[in-house]
2 protein chains.
Amino acid sequence: MRRDIFQAIADPTRRAIIALIAMQAMTPNAIAEHFDTSRQSISKHLRILSECEIINSNQEGREIYYHLDIDKMKEIDKWLEQFRKIWEDRYNELDKVLENLKKNKNEPNI
Amino acid sequence: MRRDIFQAIADPTRRAIIALIAMQAMTPNAIAEHFDTSRQSISKHLRILSECEIINSNQEGREIYYHLDIDKMKEIDKWLEQFRKIWEDRYNELDKVLENLKKNKNEPNI
DNA sequence: AATTTGCGAAACCGATTAGTTGCACATATA
DNA sequence: TATATGTGCAACTAATCGGTTTCGCAAATT
């Protein structure tokens with residue numbers, strides 16, 4: 001069973017859950033209230049997120065609070081790093097072009 | 001058919017394709033040589049990536065060159081933004097704690 | 001003109017997915 | 001103690017996924 005963070009965030013409901021509990025821990029029931037699906041299906045999503053170690057839980061009585069492990073989100077950021085380098089280079093390149101255009105306003109290149 | 005950028009990068013082969021063509025456009029055959037799968041399956045991945053508008057293609061004779069639309073990658077970055085804010089806050093918080101520890105080295109709290 | 005090459009599309013297949021329903025079990029409340 | 005509440009898990013289902021095989025077509029090569 002392939003189960004990494006990219007597969008975890010592929011589902012829109014899971015992305016919404018992640019965003020929802022980012023600021024404060026929540027119980028499955030409380031989370032499910034925000035969605036148009038059953039508590040059990042939310043429970044399944046929570047299990048997947050747990051297996052990916054994106055979320056953690058701590059039990060309080062009969063309630064279980066799930067909270068985001070924000071550090072795991074950095075893994076996506078890390079993968080994105082290689083592309084960020086490219087688009088920043090592009091931006092600088094464009095910057096240079098614009099600067100040259102400004103400088104040589106009256107000396108068009110060919 | 002749900003088909004967004006998050007679903008596109010969920011598959012490891014597609015992530016590898018994205019990384020592969022990030023620097024230079026490539027043909028399906030050239031891409032397939034890097035993987036342990038058929039040209040046709042690569043073609044299917046390319047179609048999905050095209051539908052998500054992550055990649056573009058331009059035909060040269062009978063060859064088709066696929067290249068990355070780096071700007072689409074920014075959409076992932078944009079979604080991450082909300083979490084980046086959180087983990088940077090955490091970091092600053094930790095920084096403050098460490099600074100206080102240093103300052104009050106000989107004055108333990110409590 | 002005949003053949004080779006590069007490619008996409010369709011049909012098919014087993015595995016996986018996201019959801020449902022029905023249950024079991026522990027904790028809280030009456 | 002009996003009931004209500006919060007939860008996870010298993011079985012099932014329709015849809016989707018990633019892959020293969022086969023095909024057709026256009027461009028290059030002979």
Side-chain angles (χ1 to χ4, degrees), chain A residues 1-21 24-69 72 76 79, chain B residues 1-21 24-69 72 76 79:
Chain A
M1 207 174 305
R2 169 167 45 90
R3 195 138 285 180
D4 58 33
I5 191 155
F6 293 101
Q7 208 259 338
I9 64 166
D11 183 83
T13 302
R14 281 198 291 271
R15 283 202 301 282
I17 292 175
I18 290 172
L20 195 58
I21 65 172
Q24 59 173 353
M26 290 177 75
T27 66
N29 265 320
I31 295 169
E33 277 172 15
H34 289 77
F35 297 93
D36 200 26
T37 185
S38 68
R39 196 228 358 125
Q40 283 90 336
S41 93
I42 295 296
S43 224
K44 272 180 87 170
H45 283 306
L46 290 172
R47 183 149 64 101
I48 291 170
L49 293 172
S50 290
E51 282 170 7
C52 297
E53 297 178 305
I54 299 172
I55 64 174
N56 291 98
S57 63
N58 61 307
Q59 190 146 1
E60 283 182 28
R62 67 185 164 187
E63 293 183 329
I64 301 178
Y65 284 86
Y66 286 91
H67 58 95
L68 186 64
D69 179 356
K72 271 283 164 177
I76 307 166
W79 181 73
Chain B
M1 207 174 303
R2 170 168 44 89
R3 195 141 282 178
D4 58 33
I5 193 157
F6 293 101
Q7 209 258 337
I9 65 167
D11 183 82
T13 302
R14 282 199 290 272
R15 283 202 302 281
I17 292 176
I18 290 173
L20 195 58
I21 66 172
Q24 60 174 352
M26 290 178 76
T27 67
N29 264 319
I31 294 169
E33 277 174 16
H34 288 78
F35 298 93
D36 200 26
T37 184
S38 68
R39 197 237 344 135
Q40 285 88 338
S41 93
I42 296 294
S43 225
K44 273 179 87 170
H45 283 306
L46 290 172
R47 183 149 64 99
I48 291 170
L49 292 172
S50 292
E51 283 172 4
C52 296
E53 298 179 305
I54 298 171
I55 64 175
N56 290 99
S57 64
N58 60 307
Q59 191 146 358
E60 282 181 30
R62 66 184 166 190
E63 293 183 327
I64 299 177
Y65 283 87
Y66 287 90
H67 58 94
L68 187 64
D69 179 357
K72 270 282 163 177
I76 307 165
W79 182 73

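Every chain is numbered from 1, with letters handed out A, B, ... down the list of sequences. Keep in mind the model is a prediction, meaning the values are calculated, not measured.
- Between B:F6 atom CZ and C:dT17 atom P there is a gap of 19 Å when expressed in whole angstrom units.
- By the side-chain contact (heavy atoms from CB on, under 4.5 Å) test, A:Q59 pairs with A:I64, sequence neighbours left out.
- Residues A:F6 and B:P12 are not in side-chain contact: their nearest non-hydrogen atoms beyond the backbone lie 4.5 Å or more apart.
- Counting distance only, with no hydrogens placed and no angle test, the side-chain atoms of B:K44 and the base atoms of C:dG8 include no donor-acceptor pair under 3.5 Å.
- Within the structure, a side-chain polar atom (N or O) of B:T37 is placed less than 4.0 Å from OP1 or OP2 of D:dT20.
- Contact annotation: A:H45 reaches the phosphate of C:dG19 (side-chain N/O to OP1 or OP2, under 4.0 Å).
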### Message
side chain to side chain contact (heavy atoms under 4.5 Å, CB included), that's the test. Do B:D69 and B:I54 meet it? Break it down for me.
### Response
CA-CA 5 Å; B:D69 179 357; B:I54 298 171; 5.9 Å; no

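- Residue pairs meeting the salt bridge (Lys or Arg N to Asp or Glu O under 4.0 Å) criterion with at least one member in residues 29-45 of chain B, sequence neighbours excluded, do not occur.
- Rounding to whole angstrom units, CG of residue A:D11 and C1' of C:dT17 are separated by 9 Å.
- Mapping A:E60 and A:T13 onto DNA chain C by nearest heavy atom places A:T13 closer to the 5' end of the strand.
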### Task
Heavy atoms under 4.0 Å is the rule here; annotate nucleotides 2-9 of chain D 5' to 3' with B where the base is hit, S where only the sugar-phosphate is, and - elsewhere.
--BBSBBB

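- When rounded to the nearest whole Å, the span between CD of A:Q59 and P of C:dA26 equals 11 Å.
- Put simply, A:S38 has a side-chain N or O that comes within less than 4.0 Å of OP1 or OP2 on C:dT20.
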### Task
Determine, step by step, whether A:Y66 and A:L49 satisfy the side chain to side chain contact (heavy atoms under 4.5 Å, CB included) criterion, reporting the C-alpha distance in whole Å, the side-chain angles of both residues, the deciding distance to 0.1 Å, and the verdict.
CA-CA 10 Å; A:Y66 286 91; A:L49 293 172; over 6 Å; no

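- At least one side-chain heavy atom of A:I31 sits under 4.5 Å from a side-chain heavy atom of A:L46.
- Computed from coordinates, the B:D36 CG to D:dG19 C1' distance equals 12 Å when rounded to whole Å.
- Contact detail for A:T27 and A:E63: the closest heavy-atom pair is CG2-CB, 4.1 Å.
- Note: CD1 (B:I42) to P (D:dC17) measures 17 Å, nearest angstrom.
- In this structure, CD1 of A:I9 is placed 17 Å from C1' of C:dT17, rounded to the nearest angstrom.
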